[in-house]
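A short write-up of the structure that comes next.
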There are 2 protein chains.
Amino acid sequence: MPLYARALAALESQGRFVVSSKELGEAVAVSDAQIRKDLAYFGRFGKQGRGYDVQKLLDELRRILGLNRQWRMTLVGTGRLGRAILGYEGFSPQGFRIVHAFDSDVGMIGKDVGGLTVHSTEDIEKLLSEDPVDIGIVAVPAETAQNVIDRLVKCGIRAILNYTPVTAHVPDDVQMKRIDPVLSLQGMTYHLKAASGA
Amino acid sequence: MPLYARALAALESQGRFVVSSKELGEAVAVSDAQIRKDLAYFGRFGKQGRGYDVQKLLDELRRILGLNRQWRMTLVGTGRLGRAILGYEGFSPQGFRIVHAFDSDVGMIGKDVGGLTVHSTEDIEKLLSEDPVDIGIVAVPAETAQNVIDRLVKCGIRAILNYTPVTAHVPDDVQMKRIDPVLSLQGMTYHLKAASGA
DNA sequence: CCTTGTGAAGTTCTTCACAGCA
DNA sequence: TGCTGTGAAGAACTTCACAAGG
């Protein structure tokens with residue numbers, strides 16, 4: 001569904017006013033029937049014979065998905081990867097803002113990284129209780145990932161973006177998504193191998 | 001399946017010799033039945049009453065998934081994100097190596113980034129025909145993504161790791177995986193919103 | 001005539017549950 | 001006894017196809 005919202009935003013900036021399920025489906029590589037089913041789940045947004053009003057549907061989707069507000073995030077781990085995440089310009093235009101950074105390395109604590117002061121991981125609980133966030137981003141070494149995640153969950157965070165290569169365990173009411181390029185690559189090599197006959 | 005391989009590697013380094021589908025399932029957050037079904041699809045690797053031999057199963061999985069060899073990759077786009085990808089230390093231990101880097105910015109061409117000389121994107125076809133690779137990594141601005149991907153496909157690349165926020169179109173016999181942290185975040189906000197009642 | 005919204009049919013994926021073997 | 005491999009049952013998801021409305 002966030003994919004639909006993104007495609008609609010692109011259509012809107014192109015000046016399109018109406019779109020059919022077929023066109024939208026082509027843009028996001030999904031069948032037209034699938035588009036209609038997904039949208040119909042949340043309401044009746046379309047007009048028979050015409051399609052969907054781009055602007056109106058985009059507004060609806062943003063509201064439904066919670067994309068019409070700011071989300072505050074905390075980052076744990078300011079190593080090479082963590083600093084790249086802090087420097088990523090793609091978050092804020094979409095309403096995601098990193099508001100603190102933590103690291104366990106004494107050499108990093110107190111430093112300024114991308115406009116944020118790096119705090120000690122020991123202060124996670126203290127800072128998050130003073131200044132709560134919605135989402136936690138974890139970019140620590142694999143060994144400490146589960147521990148950090150447990151602590152974030154205990155602080156009330158219910159969504160985690162996990163950049164570490166570990167399958168961490170969280171309660172059912174906590175969501176976690178993993179960003180793992182190696183896993184993505186490994187998911188493709190099987191088919192590559194099969195196709196090349198190697 | 002690559003997840004199973006990773007969990008097995010961890011078990012192996014812990015000195016475990018045997019693992020049951022139940023234990024492996026807990027490690028990767030999958031049901032024991034699912035583990036058995038998945039593994040049985042490729043062969044009969046287990047022993048009733050005991051479980052799976054960690055070492056042997058890991059070898060089999062690596063062979064099946066094509067993880068027992070090196071994969072050569074090309075990177076297009078050496079902006080902030082592309083340079084972070086080049087600097088990522090997680091690829092090579094798993095057998096993935098970036099062997100060239102391209103950029104369209106004249107200011108970048110000829111520069112050395114992470115040990116690689118940056119080539120002009122105009123030379124993609126020439127370099128890839130001299131020195132073919134298995135996988136393409138795309139980290140260019142959204143506007144040029146589809147064009148770059150088309151060219152990589154034309155060069156015979158059949159697997160693409162797409163770091164851009166666009167749904168690009170590729171032939172059926174070409175695989176593409178997308179790394180898009182914002183999309184992952186947007187996939188969680190719906191449930192966050194629902195839970196908080198906002 | 002065009003396109004939605006939606007039951008029905010079809011397909012794929014997941015769990016159940018147990019025979020069979022170490 | 002313990003755990004695999006696997007048919008059968010069940011659940012979830014996808015496509016089909018069409019009535020109804022602009």
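Numbers restart at 1 for each chain; the letters A, B, ... are given by sequence-line order, proteins then strands.
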Please tell me which of the listed nucleotides, [options], lies nearest to the side chain of [X]?
X: A:Arg36; options: D:dC18, D:dG5, D:dA20; value: D:dC18
X: B:Ser20; options: D:dT6, C:dG7, D:dT4; value: D:dT4
X: B:Ala33; options: D:dG5, D:dC16, C:dC16; value: C:dC16
X: B:Gln34; options: C:dT14, D:dT4, C:dT4; value: C:dT14
X: B:Gln48; options: C:dT15, C:dC21, C:dT6; value: C:dC21

Calculate the interatomic distance between [X] atom [atom1] and [N] atom [atom2]; express it in whole Å.
X: A:Asp38; N: C:dT6; atom1: CG; atom2: C1'; answer: 14 Å
X: B:Tyr41; N: C:dC13; atom1: OH; atom2: C1'; answer: 14 Å
X: A:Phe42; N: C:dT6; atom1: CZ; atom2: C1'; answer: 17 Å
X: B:Lys47; N: C:dA22; atom1: NZ; atom2: C1'; answer: 9 Å
X: A:Leu39; N: C:dG5; atom1: CG; atom2: P; answer: 7 Å
X: B:Ile35; N: C:dT14; atom1: CD1; atom2: P; answer: 12 Å
X: A:Asp32; N: D:dA17; atom1: CG; atom2: C1'; answer: 11 Å

**Study point:** More than 12 heavy atoms from other groups under 6.0 Å of CZ on B:Phe17
**Key:** no
Below the 4.0 Å mark, does [N] have OP1 or OP2 next to a side-chain nitrogen or oxygen of [X]?
X: B:Ser31; N: C:dT14; result: no
X: B:Ser21; N: D:dT4; result: yes
X: B:Arg44; N: D:dT6; result: yes
X: B:Tyr52; N: D:dG5; result: yes

Check your understanding: Hey, does A:Asp32 have a side-chain heavy atom less than 4.5 Å from the side chain of A:Glu23?
Key ->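 A:Glu23 does not reach A:Asp32 side chain to side chain.
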Exercise for review: Scan B:Lys37 against the nucleic acid and name what it touches under 4.0 Å (heavy atoms): base, sugar-phosphate only, or nothing.
Suggested key: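 Base contact - B:Lys37 has a heavy atom under 4.0 Å of at least one base atom.
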Do the charged groups of [X] and [Y] touch, with an N to O distance under 4.0 Å?
X: B:Asp131; Y: B:Lys126; answer: no
X: A:Glu125; Y: A:Lys154; answer: no
X: A:Lys47; Y: A:Asp53; answer: no

